[in-house]
Number of protein chains: 2
Amino acid sequence: MATGRTHRPATRSRGIPEATVARLPLYLRALTALSERSVPTVSSEELAAAAGVNSAKLRKDFSYLGSYGTRGVGYDVEYLVYQISRELGLTQDWPVVIVGIGNLGAALANYGGFASRGFRVAALIDADPAMAGKPVAGLPVRHTDELESIIRDNGVSIGVIATPAGAAQQVCDRLVAAGITSILNFAPTVLSVPDGVDVRKVDLSIELQILAFHEQRKAGEESGPAAAAAARPGTPARASAPAAGGGKGPEGDVPAVMPA
Amino acid sequence: MATGRTHRPATRSRGIPEATVARLPLYLRALTALSERSVPTVSSEELAAAAGVNSAKLRKDFSYLGSYGTRGVGYDVEYLVYQISRELGLTQDWPVVIVGIGNLGAALANYGGFASRGFRVAALIDADPAMAGKPVAGLPVRHTDELESIIRDNGVSIGVIATPAGAAQQVCDRLVAAGITSILNFAPTVLSVPDGVDVRKVDLSIELQILAFHEQRKAGEESGPAAAAAARPGTPARASAPAAGGGKGPEGDVPAVMPA
């Protein structure tokens, strides 16, 4: 995968804790929002609030990037967007294949959030011969038979699995055998992969579970104003905070996992 | 929303930090996996590893539930599943509506992870009259005109927005006006809501960003075995860990947020 063969970022990255890496996309999201509103600088407190992380942790995280901000001015938004994107490797082109073009696969193919982060959908692959050739999100669906050649020809290193649970492991095995070393799994199953292959899962119900907790709490508020004050979001900004905002405490990062 | 009007859980919940709440679904996922394999008990270390949280944090989190495990035996899996589900309010029935039945909305309607967590899809709503009445995931799609009555008649308190970005705020406003107090937003836009309404967002690209970082790192490994040892996942279990496993450090929870 020629796309990844630059040594500088990896070298720079070795010192960064995994937990910091996991928060970088959060900061990037918040910074991108500021950038789109042409906000030139942001304080660690403002950015931490937007990212749902506490500000001391944010400053520590940014220190790994060598970014310390300017006292009284804050952080330069554009430069931080660049720094974090570079650190995450998003300044590179990452061709990805999506396997399983049902509703979810099609939704992912149409999902703007991938391309905007450097993830180029190189191919859509489905096992159904009837799907082959059909255009989805402007790409003709390819048959699973072509999986290996598609990955080789496009230098794909990241595979997205959106198949039914029953097909996921077999697809995973083929992706890995074809050289894929990172897999994003949307299938409701646990995949086993060899050492050296990263598998990450997205759960679509985790956020609902957090919301359920708050709904339950809101119902409880009716029992007393003190409880209400304790439980009700303090500001509209908080109420409309992204998922990370659900962690209103200093460590309130919200992991995305599958229901097993 | 009669479903949420039980006071006991909310009362019990007041003492639990937001960050702990955010980790409960992680523990639940890992415990459910153990339960499905008929594992009766689990140590805090095993469960922490499966959930991608450090064991000290896990023990602290469980202490809020009044669950301390048994020395030398660990935690009772079934009881913990019950405790956490109850704490999150998942032992209740949570009717949800999904608005916007494109590929994503349809994928969500078919998503098994909702029902298994107590989230019952009460109705699918779309603005396209041509969609009205069409069955999706066994439910006839309803027209947006019926949104208010559907919410009222079903006691819905949680709305899922899967519309295009341009329609999301208007749909959000109608949901809130109709009494919805929790919104899960899949639309690529920032929603503003009044105080007291919780909005959470799911990002489908965050996990890819974490994978990109690791891909970049793997490429960098080629520059030296030490780096490789440092970067390569230590065990298959880790390699196939859920998203939370991406946080291999004690604070490595992976939030799910939208790219703004």
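Just so it is clear: chains get the letters A, B, ... in the order the sequence lines come, proteins before strands, and each one is counted from 1.
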Ignoring hydrogens, what is the shortest heavy-atom contact between [X] and [Y]? Give both atom names and the distance.
| X | Y | value |
| --- | --- | --- |
| A:P25 | B:I210 | CG-CD1, 3.9 Å |
| A:I16 | B:R217 | O-NH2, 3.6 Å |
| B:N103 | A:N110 | ND2-ND2, 3.9 Å |

Could you measure the distance from the [atom1] atom of [X] to the [atom2] atom of [Y]? Nearest 0.5 Å is fine.
| X | Y | atom1 | atom2 | value |
| --- | --- | --- | --- | --- |
| A:E215 | B:Q92 | CD | CD | 9.5 Å |
| B:R29 | A:I206 | CZ | CD1 | 8.0 Å |
| A:L184 | B:S205 | CG | OG | 9.5 Å |

Beyond-backbone contact of [X] with [Y], side-chain heavy atoms, under 4.5 angstrom:
| X | Y | result |
| --- | --- | --- |
| B:R117 | A:L208 | no |
| A:K218 | B:S157 | no |
| A:L90 | B:Q209 | yes |

Q.
Tell me which of these, B:G118, B:A109, B:A107, has more heavy-atom pairs under 4.5 Å with chain A than the rest.
A. B:A107

**Q.** Region of A:L211 that comes under 4.5 Å of a non-hydrogen atom in chain B
**A.**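 Backbone plus side chain of A:L211, per the 4.5 Å heavy-atom cut-off to chain B.
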
Q | Contacting moiety of B:L88, where chain A heavy atoms sit under 4.5 Å | A |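 When you check distances to chain A, atoms from both the backbone and side chain of B:L88 fall under 4.5 Å.
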
Q.
Under 4.5 Å from any heavy atom of chain A, what part of B:I183 do you find: side chain, backbone, both or neither?
A. backbone

